[in-house]
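Below, chain A is the first sequence line, B the second, and so on; all start at residue 1.
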There are 2 protein chains.
Amino acid sequence: MFFGEYEYKIDEKGRVPLPPRFRAHLKDGVVLIPGIEKCITAYPVAEWKKLAASFTGGTVTRRKLRQLNRALFATASYLNLDGQGRISLPPLLREYAEIVDEVVTVGTNNYFELWNSIHWEEEKAANQDQVWQIIESLEGNEGA
Amino acid sequence: MFFGEYEYKIDEKGRVPLPPRFRAHLKDGVVLIPGIEKCITAYPVAEWKKLAASFTGGTVTRRKLRQLNRALFATASYLNLDGQGRISLPPLLREYAEIVDEVVTVGTNNYFELWNSIHWEEEKAANQDQVWQIIESLEGNEGA
DNA sequence: GTATTCATACTCACCGAAAAACATCTATAT
DNA sequence: ATATAGATGTTTTTCGGTGAGTATGAATAC
């Protein structure tokens with residue numbers, strides 16, 4: 001669903017263009033939450049609902065559930081796209097991901113991520129080798 | 001499905017012709033990802049979906065899954081063919097594969113690869129011996 | 001209570017780049 | 001020799017990134 005890597009500038013109003021290929025899947029807007037490693041994770045609302053559902057449906061204690069609820073929902077922000085397919089990044093998330101004037105948008109199948117370009121380069125370098133280990137193992141399994 | 005070896009020039013717009021024999025299998029476009037040894041791997045979307053599905057269906061931790069998603073999907077780019085059966089190679093992939101003005105397209109059964117012609121010659125030379133070992137062993141069995 | 005200012009969201013407009021369409025030429029085969 | 005298909009080059013048009021302008025609304029000051 002969401003593929004590839006796109007780089008944009010943030011304008012002085014804090015607006016970020018989303019890749020045109022992505023926009024069709026974001027008709028109902030987008031949900032942003034802070035990701036694990038200093039990036040922003042962005043879900044189309046449908047995926048987000050699925051995620052939230054499977055999450056609240058889990059088997060955890062009441063207390064744990066409250067904590068998880070806080071962590072997941074309290075930090076989430078819902079946004080609409082404007083007429084040009086842009087969103088304006090909430091300042092808190094911008095700080096969190098250390099995004100200043102450049103964003104890299106990275107498609108990762110059913111969601112996508114927004115990165116500071118420097119951090120993304122690091123992450124990419126770290127993960128590059130893995131691609132082929134994965135694919136080869138899959139093709140190995142497929143053949144079996 | 002994808003057989004043989006074809007050599008083309010890249011025009012000044014970065015467009016690469018795909019072998020006519022391949023085009024029928026690429027009606028829905030093609031997905032490109034960086035290959036292991038400085039080449040570009042190209043999947044027809046159907047194959048890619050199978051690959052992606054078997055991948056995301058694996059049994060890995062959430063964190064690991066995110067990393068793998070990034071490695072696999074972020075580097076993938078989806079492309080349509082133009083009316084002449086060409087695609088325009090993303091600059092990042094061109095750099096990765098060190099493809100400048102000549103491409104060798106190599107069919108490898110259910111996917112195919114794009115190579116710098118020099119690298120391909122090397123690769124071919126390196127693999128040639130293996131081919132003959134295989135063939136000889138087959139002929140050996142046949143004779144028996 | 002009114003006025004002013006700041007912030008946010010929506011609309012419009014321009015320019016450059018990418019893609020689609022178009023055209024030409026070469027090579028091969030009949 | 002002619003016709004067809006495919007490689008390659010050119011033109012045209014569309015799309016998308018970016019900036020500016022306008023409107024709406026909230027917050028503060030007077």
(message) Using whole Å, what does the distance between atom P of nucleotide C:dA19 and atom CG of B:D11 come to?
(response) 12 Å
(request) Whole angstrom is fine here: how far is it from CG in B:D82 over to P in D:dT11? (result) 17 Å
(message) For D:dT11, does the base pair up with any side-chain atom of B:K13 as donor and acceptor (N or O, under 3.5 Å, distance only)?
(response) yes
(request) If the plane angle is over 60° it's perpendicular, under 30° parallel, otherwise tilted; pick one for A:W120 and A:W115. (result) tilted
(request) Determine whether any donor atom in the side chain of A:R23 lies under 3.5 Å from an acceptor atom in the base of D:dG17, or the reverse, and answer yes or no. (result) no
(message) Is the ring pair B:F2/B:F22 parallel, tilted or perpendicular, if the boundaries are 30 and 60 degrees?
(response) perpendicular
(request) Looking at every strand, decide which applies to B:R21 at a 4.0 Å heavy-atom threshold: base, sugar-phosphate, or nothing. (result) nothing
(message) Can you tell me which nucleotide in D:dG9, C:dA9, D:dG17 comes closest to the side chain of A:S88?
(response) C:dA9
(message) Can you confirm whether A:I33 sits close enough to A:L72 that some side-chain heavy atom of one is under 4.5 Å from a side-chain heavy atom of the other?
(response) yes
(request) Please tell me which of the listed nucleotides, C:dA19, D:dG9, D:dT18, lies nearest to the side chain of B:K9? (result) D:dG9
(request) Provide, to the nearest angstrom, the distance between the CG atom belonging to A:L81 and the C1' atom belonging to C:dT11. (result) 16 Å
(request) Between A:G83 and A:P91, just flag the one whose closest nucleotide in DNA chain C comes earlier from the 5' side. (result) A:P91
(message) As a test of reading the structure: which of D:dT8, C:dA9, D:dT18 is closest to the side chain of B:Y8, going by heavy atoms?
(response) D:dT8
(request) Give the nucleotide from the list D:dT8, C:dA9, D:dT10 with an atom nearest to the side chain of B:E12. (result) D:dT10
(request) Would you kindly give the CD1-to-P distance between A:I10 and C:dT8, to the nearest whole Å? (result) 14 Å
(message) Please report the distance, rounded to the nearest Å, between OH in B:Y6 and P in D:dA5.
(response) 17 Å
(message) Rounded to whole Å, please give me the gap between CD in A:E7 and P in D:dG16.
(response) 19 Å
(request) Give the nucleotide from the list C:dT11, C:dA20, D:dT22 with an atom nearest to the side chain of A:R15. (result) C:dT11
(request) Could you state the atom-to-atom distance from CG of B:L79 to C1' of C:dA19 in whole Å? (result) 12 Å
(request) Kindly work out whether a path of hydrophobic side-chain contacts (I/L/V/M/F/W/Y, heavy atoms less than 4.5 Å apart) joins B:Y6 to B:V16. (result) yes
(request) Take the protein atom CZ of B:R86 and the nucleotide atom P of D:dT10, then report the distance between them rounded to whole Å. (result) 12 Å
(message) Please verify the inter-ring angle class for B:Y43 with B:W48; under 30° counts as parallel, over 60° as perpendicular, anything in between as tilted.
(response) tilted
